[in-house]
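Take a look at the structure set out below.
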Amino acid sequence: MSEKRVELLTDQLRKAIDDSGLTRYQIAKATGIDESALAKFYNGRRGLSTAALNALGQFLQLRITLGRKPAKKGK
């Protein structure tokens, strides 16, 4: 049985950036995120601060829902 690959939050954010139809420059200017920081994040070379992630999520009108698998009984 093959396991379903879980899409990472960073992958979802990159897809949302692509789907927005805006350039990374436009997104950086609108969110206040440094353009080089956004480019490095997009290319997988670094992460973003929580504040930058919040700004990006708000600008792209994303709703982030965190889920957790329920703990197994007896553990």
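Since we're looking at a predicted model, the values are computed, not measured. Scope of the values below: all heavy atoms of this structure, side chains included, with no hydrogens, waters or symmetry mates.
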Worksheet item: Is the backbone N or O of Ala55 less than 3.5 Å from a side-chain atom of Gln58, with the two atoms forming a donor-acceptor pair by type?
Response: no

Worksheet item: Can you find a heavy atom in the side chain of Ile27 that is under 4.5 Å from one in the side chain of Leu56?
Response: yes

Worksheet item: Can you name the residues that form a side chain to side chain contact (heavy atoms under 4.5 Å, CB included) with Leu53, not counting sequence neighbours?
Response: Leu13, Leu48

Worksheet item: When clusters are formed by joining ILVMFWY residues with side-chain heavy atoms under 4.5 Å apart, either directly or through shared neighbours, do Leu9 and Leu62 land in the same one?
Response: yes

Practice prompt. Establish, yes or no, whether the cationic atom of Arg24 lies under 6.0 Å from the six-membered ring centre of Phe41 and within 45° of the ring axis.
Written response: no

Worksheet item: Who pairs with Gln12 by side chain to side chain contact (heavy atoms under 4.5 Å, CB included), at least two apart in sequence or on another chain?
Response: Glu7

Practice prompt. Name all pairs fulfilling the side chain to side chain donor-acceptor pair (under 3.5 Å) condition that reach into residues 36-54, sequence neighbours left out, sorted by first residue then second.
Written response: Asp18-Tyr42, Asp34-Ser36

Item to complete: Using the salt bridge (charged side-chain N to carboxylate O under 4.0 Å, His left out) rule, take Asp19 and Lys15 through it: C-alpha gap first, then chi angles, then the decisive distance, then the call.
Response: CA-CA 6 Å; Asp19 292 347; Lys15 184 176 182 330; 2.7 Å; yes

Worksheet item: So do the side chains of Phe59 and Leu22 get within less than 4.5 Å of each other, counting heavy atoms only?
Response: yes

Fill in: Close side-chain approach of Leu60 and Thr31, heavy atoms under 4.5 Å
no

